[in-house]
Amino acid sequence: MLDALTLATGVAALLLAAWCGWAAYRDQPTKDWHFIGMAVVSLLAVAQLVVGIVQLARGGKPEQGTTIFVAYLLGAFACVPTAGFMSLAERTRWGSVTVAAAGVVLAVLEVRLFDIWGG
Amino acid sequence: MTVTQEKPARLIGGPGLLLVWFYGVMVVGAVSRSAYQIATEFDRAPLSYALSAVAGVVYGFITYSLVRGGETARRAAQFCCAAELAGVLVVGTWTLIEPSAFPDSTVWSQYGMGYVFIPVLLPLSALYWLRRSRAAATR
């Protein structure tokens, strides 16, 4: 369950990055559709956070330590929304670039999460 | 990291926003990593973890300066970026010459290879951006 969510979130994050990168390439700010995309990715991250905590509560042990696991879960959860709010304040292509960067960062976090859990 | 409404010359417009984002990420990465390592296994590699903590503090100050904006903050950020660049180059070279001094890696080991070289690219692009911001302000 957790591994599937990690994979889904990572792929969705990369798609978001490509999509916002395309918007930046076309010199456009983030628009409503992009924010819906960010919401979808954020929802996946929330689901991952919940499932991760439930797994911990049921006695699951991350291979590289619980603290690191929770820290990465929280980081993954905060990543895209933060960039989304920043792009609201910057209505140029650079807002889109920032969200694209957030997507890439989130994908990296997902790879790390996979390792930390010991997939 | 946060959105502000400041009157002084904005440093986070356009490409500056992307810089703030990456600096914010590095603050979270370096500070949380070093806090965890110092709290749990400081004796294993004191130098590495202390350096990571210093890097985190420097990143935090630069992020704050960028968000704050204005000429003084711009100069402070410029100074810190130069210090950061020097830190990355010195520590990066040091880890290559004398790996035994670093039983565990720092944020700046091998010029930040573990972080896709962001630690060495970030100060370069930040210095460039801060120089341009001044040019734009005096124009």
Side-chain angles (χ1 to χ4, degrees), chain A residues 13-14 16-17 20-21 23-25 27-30 34-35 38 45 62 64-113 115-116, chain B residues 1-7 10-42 44 49 52 56 59 63 66-69 104-105 107 112-119 121-122 125-126 128-129 132-133 136:
Chain A
L14 284 181
L16 181 72
C20 290
Y25 175 71
D27 203 5
Q28 288 178 345
T30 46
H34 295 111
F35 282 101
M38 286 178 235
Q64 298 178 26
T66 306
T67 317
I68 296 181
F69 181 65
V70 173
Y72 269 87
L73 278 180
L74 289 175
F77 161 68
C79 186
V80 167
T82 309
F85 279 117
M86 285 169 74
S87 82
L88 272 181
E90 175 67 39
R91 306 308 299 151
T92 66
R93 72 191 310 180
W94 291 102
S96 307
V97 176
T98 303
V99 177
V104 174
V105 169
L106 179 56
V108 172
L109 288 178
E110 294 303 324
V111 174
R112 284 286 294 133
L113 267 172
D115 285 343
I116 293 166
Chain B
M1 291 263 317
T2 44
V3 183
T4 54
Q5 42 284 68
E6 292 282 342
K7 272 166 238 102
R10 271 165 56 90
L11 291 174
I12 55 171
L17 188 76
L18 186 66
L19 278 178
V20 172
W21 164 255
F22 272 119
Y23 269 112
V25 171
M26 290 312 290
V27 172
V28 175
V31 170
S32 54
R33 174 181 172 162
S34 60
Y36 173 76
Q37 288 176 325
I38 286 173
T40 56
E41 43 181 17
F42 186 62
R44 198 158 75 85
Y49 301 154
S52 287
Y59 288 136
T63 312
L66 285 173
V67 171
R68 188 155 182 274
D104 198 358
S105 55
V107 177
M113 201 163 72
Y115 290 82
V116 218
F117 293 109
I118 288 175
L121 297 175
L122 207 48
S125 40
Y128 175 70
W129 167 246
R132 265 200 32 188
S133 301

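Throughout, a chain's letter reflects where its sequence line sits, starting with A, and its residues are numbered from 1. Since we're looking at a predicted model, the values are computed, not measured.
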Measure distances from [X] to the heavy atoms of chain B and classify the residue's part below 4.5 Å as side chain, backbone, both or neither.
X        : value
A:Ala102 : both
A:Val105 : side chain
A:Ala71  : neither

query: Once you round to the nearest 0.5 Å, how far does CH2 of A:Trp94 lie from CG of B:Leu19?
result: 8.5 Å
message: Can you tell me how far apart CD1 (B:Ile12) and CE (A:Met86) are? Round to the nearest 0.5 Å.
response: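 Atom-to-atom, B:Ile12:CD1 and A:Met86:CE are 7.0 Å apart.
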message: To check you understand the geometry: which heavy-atom pair defines the closest contact between A:Cys79 and B:Trp21, and what is its length?
response: O-CH2, 3.2 Å
- request: Determine the minimum heavy-atom distance between B:Leu18 and A:Val97, stating which atoms define it.
  value: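 Looking at all heavy atoms of both residues, the shortest contact is CD2-CG1, 3.6 Å.
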Is it true that atom [atom1] of [X] has more than 12 heavy atoms of other residues, nucleotides or ligands lying nearer than 6.0 Å?
X        : atom1 : value
B:Tyr115 : OH    : yes
B:Tyr128 : OH    : no
A:Tyr25  : OH    : no

